[in-house]
Amino acid sequence: MRRLEYEDWEQKWNDLYEKLEREGYKNLTPDERLWFNVRSVIDAINSGGISSYYVNKWFENMDDTFEDLEKLNANNVIELLKHVNEKLPTGTLLKDGDEISDIFADLDEQNDDFNDFIEELNDKFADEIEEELELKLDQVVMQLLK
């Protein structure tokens, strides 16, 4: 199965992002929401590791993201994020994004085991999960490009 090139969907992605800014998250179609949420996971992890998914506030749509990942049968990604959630102090995901940034910084500085844990998950994503997730997401994106 061929992967879509960025050029294949770049304009549609820009249109989606403009719609998000103009109309808000709640007005995305189910496929648009799926694309936005799953692409956000991939891009966050690629740009700064799993921690960046939390630090840069992508976690705010986590329940929707889990639903969207389930639609793609991407249970391995759901488990990966749940493993991180389990390592966080109770109630962390109920805090605002700035507090979460501080929590991750503190965990990284004070706990080598947490840092090693995050690195293992980043490696697992890159080595075992990302390509399959991209292929699954491409199927949804192809429907949106029609």
Side-chain angles (χ1 to χ4, degrees), residues 1-108 114-115 117-146:
M1 179 181 325
R2 138 177 136 68
R3 286 279 329 276
L4 289 171
E5 297 294 326
Y6 178 70
E7 295 79 24
D8 294 338
W9 54 265
E10 177 180 18
Q11 184 57 52
K12 186 72 173 175
W13 176 255
N14 291 335
D15 294 344
L16 173 65
Y17 201 81
E18 287 175 15
K19 178 181 179 179
L20 177 69
E21 293 290 314
R22 188 177 58 252
E23 299 177 28
Y25 178 81
K26 298 280 186 210
N27 290 311
L28 298 179
T29 68
D31 282 346
E32 288 171 338
R33 186 189 90 171
L34 185 147
W35 187 15
F36 175 75
N37 286 331
V38 176
R39 182 85 255 149
S40 296
V41 170
I42 295 168
D43 290 349
I45 294 173
N46 282 333
S47 68
I50 291 169
S51 296
S52 72
Y53 179 74
Y54 295 85
V55 170
N56 294 318
K57 303 178 187 177
W58 295 110
F59 71 91
E60 292 173 338
N61 300 318
M62 188 173 284
D63 290 338
D64 290 346
T65 301
F66 284 164
E67 286 178 20
D68 294 334
L69 289 165
E70 285 175 7
K71 290 176 187 173
L72 295 178
N73 198 25
N75 297 323
N76 49 3
V77 182
I78 295 168
E79 290 305 311
L80 189 123
L81 294 173
K82 284 184 176 181
H83 286 320
V84 175
N85 294 351
E86 291 167 359
K87 295 284 187 181
L88 299 175
T90 303
T92 295
L93 295 177
L94 302 176
K95 299 180 184 292
D96 83 8
D98 293 333
E99 287 180 271
I100 289 178
S101 285
D102 293 342
I103 289 168
F104 266 88
D106 288 346
L107 286 170
D108 281 345
F114 182 77
N115 197 26
F117 167 75
I118 292 294
E119 286 304 315
E120 282 178 35
L121 294 181
N122 288 335
D123 291 344
K124 181 176 182 166
F125 183 81
D127 297 342
E128 301 173 22
I129 296 173
E130 182 179 9
E131 184 65 23
E132 179 183 350
L133 183 59
E134 289 274 13
L135 289 169
K136 290 176 178 183
L137 183 57
D138 283 352
Q139 298 305 306
V140 174
V141 173
M142 282 189 254
Q143 294 299 316
L144 288 167
L145 294 176
K146 289 183 179 182

Separation between [atom1] of [X] and [atom2] of [Y], rounded to the nearest 0.5 Å:
X: L81; Y: L121; atom1: CG; atom2: CG; answer: 9.0 Å
X: R33; Y: L16; atom1: CZ; atom2: CG; answer: 12.5 Å
X: E79; Y: K82; atom1: CD; atom2: NZ; answer: 5.5 Å
X: W35; Y: L144; atom1: CH2; atom2: CG; answer: 6.5 Å
X: N61; Y: L28; atom1: CG; atom2: CG; answer: 9.0 Å
X: E130; Y: N46; atom1: CD; atom2: CG; answer: 4.0 Å

Using a strict threshold of under 4.0 Å (side-chain N to carboxylate O), is an ion pair present between E131 and K136?
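Here K136 does not pair with E131 in a salt bridge, since their nearest N and O are not under 4.0 Å apart.
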Salt bridge present between D15 and K12 (N-O < 4.0 angstrom)
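The answer is no: the pair does not qualify as a salt bridge.
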Can you check whether I50's main-chain N or O pairs, donor with acceptor, with N122's side chain at less than 3.5 Å?
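Side chain of N122 to backbone of I50, a donor-acceptor pair under 3.5 Å: yes, one is there.
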Give a yes or no on whether the backbone of L34 and the side-chain of K71 come within a donor-acceptor separation of less than 3.5 Å.
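Not at all, since once roles are kept as given, no pair shorter than 3.5 Å links the two residues.
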Is it true that N75 and N73 share a donor-acceptor pair across their side chains at a distance under 3.5 Å?
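Looking only at side-chain atoms, N75 and N73 do form a donor-acceptor pair, the distance falling under 3.5 Å.
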Side-chain donor-acceptor contact under 3.5 Å, D64 with N37:
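Short answer, no.
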Taking all heavy atoms of E32 and all of N27, pick out the closest pair and write down the distance.
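Closest approach of E32 to N27, heavy atoms only: OE1-O, 4.4 Å.
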Could you tell me which non-hydrogen atom of Y53 sits nearest to which non-hydrogen atom of S40, and how far apart they are?
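That would be CD1-O, 4.5 Å.
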Worked verdict on D31 versus V141 for side chain to side chain contact (heavy atoms under 4.5 Å, CB included):
CA-CA 8 Å; D31 282 346; V141 173; over 6 Å; no
Do L133 and L69 come close enough that some side-chain heavy atom pair is under 4.5 Å?
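When only atoms from C-beta onward are counted, L69 and L133 do touch, with a gap below 4.5 Å.
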L72 versus V140: any side-chain heavy-atom pair under 4.5 Å?
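A side-chain contact under 4.5 Å exists here.
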Could you go step by step and tell me if I42 and F125 meet the side chain to side chain contact (heavy atoms under 4.5 Å, CB included) rule?
CA-CA 9 Å; I42 295 168; F125 183 81; 4.1 Å; yes
Please say whether the positively charged group of K87, taken as NZ for Lys or CZ for Arg, lies over the ring of F117, i.e. under 6.0 angstrom from the six-membered ring centre and within 45 degrees of the axis.
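Verdict for F117: a cation-pi partner in K87.
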Please check if the number of heavy atoms outside K19 that lie under 6.0 Å from its NZ is greater than 12.
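Yes, enclosed.
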For F66, check ring pair (Phe, Tyr, Trp, His ring centres under 6.0 Å) against everything at least two apart and list the hits.
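None.
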Could you go step by step and tell me if L80 and N76 meet the side chain to side chain contact (heavy atoms under 4.5 Å, CB included) rule?
CA-CA 6 Å; L80 189 123; N76 49 3; over 6 Å; no
Before giving the answer on salt bridge (charged side-chain N to carboxylate O under 4.0 Å, His left out), spell out for R39 and E134 the whole-Å C-alpha distance, their side-chain angles and the decisive distance to 0.1 Å.
CA-CA 8 Å; R39 182 85 255 149; E134 289 274 13; 2.9 Å; yes
Side chain to side chain contact (heavy atoms under 4.5 Å, CB included) evaluation trace for N85 with M62
CA-CA 11 Å; N85 294 351; M62 188 173 284; 3.2 Å; yes
